[in-house]
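This report concerns only the one structure given below.
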Amino acid sequence: MNLAFTIARKLAVSSQRSFAGFIIRLSVLATAVSVMALIITVSFVNGFQREVSEKVFSFWGHIRVQQYIPGKSIVAEELPMTKNDSLEKVISHVAGVKKIQPFATRSAVMEFNKSIEGVLIKGISAQYDSVPFMRFLQEGNWINWSDSNYSQDVLISSEQARLLNIHLKDTISLYFISPDESTRTYRKVRVCGIYRTSIAEYDQLFVIADLRMLQRVSNWANDQIGGYEVFVIQPSEIKTVHAKVTEVLPLQTGSNTIEEIFPNIFDWLLIQNLNRNVLFIILGIVGLINMATCLLVLILERTRMVGILQTLGAPGKMIRYIFLYQAMLIAMTGILLGCLAGLALCWLQQATGFIRLDEASYYVSVAPVHIIGWQILLIVGSALVICFLCLLLPTLIIRTDRPIQYIQLR
């Protein structure tokens, strides 16, 4: 084995000056590009899915609990439910739950300088955790909760501000219409902040306001809310935590995951997995053909050497090992270079954000990157295994009973 490895190493050096040298360099380059492309693809898909998912979760939480009414939309204008400290405590103690906070929504018409826009008001309380939302705040400040009645501060999106030419500290009117359209109510509010999520479904629609204002315009009691937003510790365990939350809910109270409420966004994210898998298959096939062709050329170029080794009594197994070792050296060189190049480009993107995206189409302005260690190791390990398996087949053409034909071959 040591002799076979020594011969393989010397052949790798001497081959650089022959036609096989060009094939070797081409194989190293092709292997490196394939591994680099796989690392970049999986890191970008991970980053993209995580970034968009976190935007949705930061805005709505992971699970929504509200009054259950068959056939009613679960997106907006909930029927009131009584704020229940006992229920909040029970949900908070469910394994995997991070926090729970009340909310309500109400449709309205926003008016400024005789320009109007249909919006959906999301009411939140003073206990609302603003930290996840602050990443979206472009101008201004968070809602001031000091008013004893209800805060007159609201947050609007940059898209709404652009459409109605609204600026910070402007006073706008919100018109509310009762479900039976019998009464109309309006409130004067002040724009304290402007946010941007880059998700058109949110930026075109939602205004953030005080929950107490919605309670008054809806004629709800002070202890009535639209529902609860539940945040989980690990987003990957949403379905598991949701099943546990459902078990502790009282009758006439239902729950849905945000993935169920906004399926279009999450279904679109899942398509990225399909694109990634297709690329993996294509690059895997290219890698198989590349390494098999490389080894076949190496064997054909060294046929006289094979014949001489057989004449000297070298077993066929040893000769096969020589070419396997040589090809694996080529494969490992390509895999190492590809891994380093892929990680370097990912780190460069994280540091500089030089790859830009259309926010309207992709929900982010800079291509996000998320490197997961075990996935990189899996790519490298799989590449090594695939290269080794595809190298076995060409070595089977080496016969041990034809040394004279090999020596005479030109």
Side-chain angles (χ1 to χ4, degrees), residues 1-45 276-306 309 314-347 371-399:
M1 296 298 178
N2 290 335
L3 178 60
F5 181 76
T6 301
I7 295 174
R9 188 176 57 187
K10 291 184 183 243
L11 287 176
V13 176
S14 62
S15 296
Q16 300 300 318
R17 296 183 295 272
S18 64
F19 171 72
F22 170 75
I23 299 299
I24 290 174
R25 289 189 290 272
L26 188 62
S27 297
V28 170
L29 178 62
T31 303
V33 170
S34 297
V35 173
M36 180 183 69
L38 290 175
I39 291 175
I40 292 175
T41 298
V42 72
S43 298
F44 274 59
V45 169
R276 178 197 62 194
N277 295 338
V278 170
L279 182 61
F280 279 13
I281 294 173
I282 293 174
L283 291 177
I285 294 174
V286 171
L288 285 171
I289 297 174
N290 165 62
M291 292 308 302
T293 303
C294 175
L295 184 56
L296 188 59
V297 170
L298 292 177
I299 293 174
L300 293 177
E301 189 188 54
R302 296 290 179 176
T303 49
R304 295 189 68 194
M305 184 195 76
V306 172
L309 289 174
K317 185 177 182 181
M318 173 186 169
I319 297 174
R320 292 190 182 94
Y321 276 137
I322 290 174
F323 290 104
L324 278 176
Y325 285 148
Q326 185 179 4
M328 284 304 293
L329 286 173
I330 297 170
M332 286 190 291
T333 301
I335 291 171
L336 178 61
L337 292 176
C339 184
L340 293 176
L343 291 175
L345 283 174
C346 289
W347 287 326
I371 300 173
I372 300 178
W374 69 265
Q375 290 183 342
I376 305 301
L377 293 177
L378 181 62
I379 290 174
V380 172
S382 300
L384 283 172
V385 171
I386 290 173
C387 287
F388 177 76
L389 292 177
C390 75
L391 293 175
L392 290 176
L393 186 60
T395 60
L396 298 179
I397 69 172
I398 299 175
R399 299 282 298 275

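Below, all heavy atoms of this structure are taken into account, side chains as well, without hydrogens, waters or symmetry copies.
Applying the side-chain contact (heavy atoms from CB on, under 4.5 Å) test to Ile376 and every residue at least two apart in sequence or in another chain returns Ile39, Ser43, Cys339, Leu343, Ile371. Partners of Leu29 by side-chain contact (heavy atoms from CB on, under 4.5 Å), not counting sequence neighbours, listed by chain and number: Val33. For Leu337, the side-chain contact (heavy atoms from CB on, under 4.5 Å) criterion is met by Val28, Ala32, Thr333, not counting sequence neighbours.
Interatomic distance, Thr31 OG1 to Met36 CE, rounded to the nearest 0.5 Å: 12.0 Å. Taken to the nearest 0.5 Å, the CD1 atom of Ile40 stands 4.5 Å off from the CG atom of Leu345. Separation of atoms CG (Leu378) and CD1 (Ile372) is listed at 11.5 Å; rounding is to 0.5 Å.
Nearest heavy atom pair, residue Ala383 against residue Ile335, reads CB-CD1, 3.7 Å.
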